[in-house]
2 protein chains.
Amino acid sequence: MSAKTKAATRPVARPALSREVVADRAVELADIEGLEAVTVRRLATELGVTPMALYWHFRTKEELLAGLGDRVLDSVRVPEATGDWAADLRTALVALIAAMRPHPQLADLVAERMLQHPHGRDLTEIALGTLADAGFAPAPASYLAMLALRTAIALVTGDQVDDSGMTAEEREEQQRRKTAMIRSLPPKQYPALVAHADAMTYCSDVDMFFELGVDHYIAGVKGMAPLSR
Amino acid sequence: MSAKTKAATRPVARPALSREVVADRAVELADIEGLEAVTVRRLATELGVTPMALYWHFRTKEELLAGLGDRVLDSVRVPEATGDWAADLRTALVALIAAMRPHPQLADLVAERMLQHPHGRDLTEIALGTLADAGFAPAPASYLAMLALRTAIALVTGDQVDDSGMTAEEREEQQRRKTAMIRSLPPKQYPALVAHADAMTYCSDVDMFFELGVDHYIAGVKGMAPLSR
DNA sequence: ACCTGAACACCGTTCAAGT
DNA sequence: ACCTGAACACCGTTCAAGT
């Protein structure tokens with residue numbers, strides 16, 4: 001509209017490509033339309049650039065996806081230690097979940113970057129340290145640390161298997177079909193399932209769901225801890 | 001070789017396509033080369049047939065993948081109930097893990113077919129029933145049942161993020177690099193992590209790993225159960 | 001009923017070339 | 001240093017046609 005055709009180096013249209021700019025746009029795309037929408041070509045047009053331009057900043061698509069996982073880990077706020085192993089283990093798990101929660105589509109990518117990223121290493125250090133404090137030997141401690149990671153993924157992934165790129169009506173419609181399907185089962189054969197038709201479909205309180213997941217994890221660790229008494 | 005050019009309806013070469021034959025070949029392919037090797041075109045050549053031939057038996061690739069999940073659930077041996085809720089919950093989880101274990105690549109597909117498949121419904125019924133017996137309200141019972149499913153996935157998936165289509169040497173090489181990377185971290189900053197370098201990389205006893213996962217899940221449920229005293 | 005053939009709109013990626 | 005253009009070998013899928 002204005003007369004400035006040769007304004008500042010970069011107008012608003014294209015904000016100078018970089019690893020971060022590309023990764024952020026990809027995260028946005030994944031959040032809105034799902035991870036399968038994140039293709040090299042789609043991302044390029046989204047950024048107003050040729051597909052090959054992205055290959056200057058990332059060697060392969062795999063490296064790009066790793067960048068998405070890193071972007072989530074960047075947002076982790078690593079908690080301070082208090083000395084109470086159970087409490088510290090819990091807050092570490094909560095911190096991971098908090099970071100992953102806005103980006104459920106990227107959960108699996110985060111898992112793969114855990115030991116490559118400073119924040120991921122910090123959380124792992126806390127997990128292994130607290131588990132060692134609880135009396136676990138190296139092998140079970142490692143297993144339980146990995147299980148914490150998978151628990152976080154399970155929780156943020158939720159049961160909404162893939163509601164990405166789905167309107168509110170479509171999701172409702174899908175939920176209605178699910179309850180209807182469960183309710184139509186023979187009650188003699190599936191009494192509990194039929195009775196839980198609503199609970200299995202609608203997550204009434206998401207925060208409670210997350211808390212329950214964390215509680216369960218910690219309770220399980222406490223129940224197995226050699227030094228829990 | 002023999003003179004029979006018009007022998008039986010189908011020689012050995014092509015064993016008459018069907019949903020099951022296609023699905024089984026796809027499962028085989030996924031086990032050996034990974035799920036990403038399962039493409040319509042690759043599967044078709046594998047079966048000595050045109051890509052479009054598969055579309056007679058499956059409407060879309062999505063339906064084909066669902067078929068793979070079903071194939072795994074077919075192999076589930078649904079356990080009998082004993083009346084002891086904790087024991088029954090455990091054997092149900094163990095049964096699911098046993099079926100998924102030979103096909104780690106298909107774990108996520110199994111999750112999506114859980115309520116569509118008779119065996120999946122049976123296991124879910126057991127989980128919800130035992131959790132209700134333990135005193136859990138519908139919402140937490142549903143959450144914990146879902147968590148059991150995700151626990152099974154976490155365990156069979158393991159830490160071998162993707163060792164599909166990988167020779168033994170390649171895997172060893174990768175593991176060596178992983179321990180080396182962890183050990184090269186500053187021990188002041190990551191004492192526990194460095195100390196667990198081996199345990200985090202090599203899974204010395206896979207069975208113990210699975211047992212620990214199941215133990216943890218059950219311990220967590222017991223720790224939270226309203227009726228557990 | 002079951003499968004083929006040609007075509008379409010997509011992928012990730014290489015390689016040589018532009019500025 | 002950063003990006004374009006053309007090309008290659010792959011995808012899933014539609015649609016009309018063969019037997």
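Lettering of chains follows the sequences in order, A, B, ..., and the numbering in each one begins at 1.
- His57(A) has a side-chain polar atom (N or O) that falls below the 4.0 Å cut-off from OP1 or OP2 of dC3(D).
- Under the 30°/60° scheme for interplanar angles, the aromatic rings of His216(A) and His216(B) are found to stand perpendicular.
- The interatomic distance linking Tyr55(A) (OH) with dC11(C) (C1') rounds to 9 Å, in whole Å.
- Looking only at distances, no side-chain donor or acceptor of Tyr143(B) sits under 3.5 Å from a matching main-chain atom of Cys203(A).
- Put simply, CG on Leu43(A) is 16 Å from P on dC10(C), counting in whole angstrom units.
- Between Arg183(A) and Asp198(A), the closest side-chain pair of non-hydrogen atoms falls below 4.5 Å.
- Per the geometry, CG belonging to Leu17(B) stands 13 Å off C1' belonging to dT4(C), to the nearest Å.
- Rounded to a whole Å, the CD atom of Glu63(B) is 10 Å from the P atom of dT13(D).
- The side chain of Met52(B) has dT4(C) as its nearest neighbour among dC11(C), dT4(C), dG12(C).
- For the pair Arg19(B) CZ and dA1(C) C1', the interatomic distance rounds to 16 Å; values are reported in whole Å.
- As the counterpart of dG12(D), dC8(C) is assigned, both hydrogen-bonding distances of the Watson-Crick or G-U wobble pattern falling under 3.5 Å.
- Protein atom CD of Glu36(A) is 15 Å distant from nucleotide atom C1' of dC11(D), rounded to whole Å.
- Glu125(A) places none of its side-chain heavy atoms less than 4.5 Å from the side chain of Gln189(B).
- The nearest whole Å value for the distance from the CZ atom in Arg42(A) to the P atom in dG12(C) is 12 Å.
- Side chains of Ile126(A) and Pro79(A) form a contact here, defined as non-hydrogen atoms less than 4.5 Å apart.
- Closest to the Trp56(A) side chain, of the nucleotides dC2(D), dC3(C), dT14(C), is dC2(D).
- Atom pair Lys61(B):NZ and dC11(C):P shows a separation of 15 Å (rounding to whole Å applied).
- Comparing Arg41(A) and Ala53(A) against DNA chain D, the residue whose closest nucleotide sits nearer the 5' end is Ala53(A).
- For dA1(C), the paired nucleotide is dT19(D), the pair qualifying as Watson-Crick or G-U wobble because both relevant distances are below 3.5 Å.
- Here Thr50(B) does not reach the OP1 or OP2 of dC3(C): none of its side-chain N or O atoms lies under 4.0 Å away.
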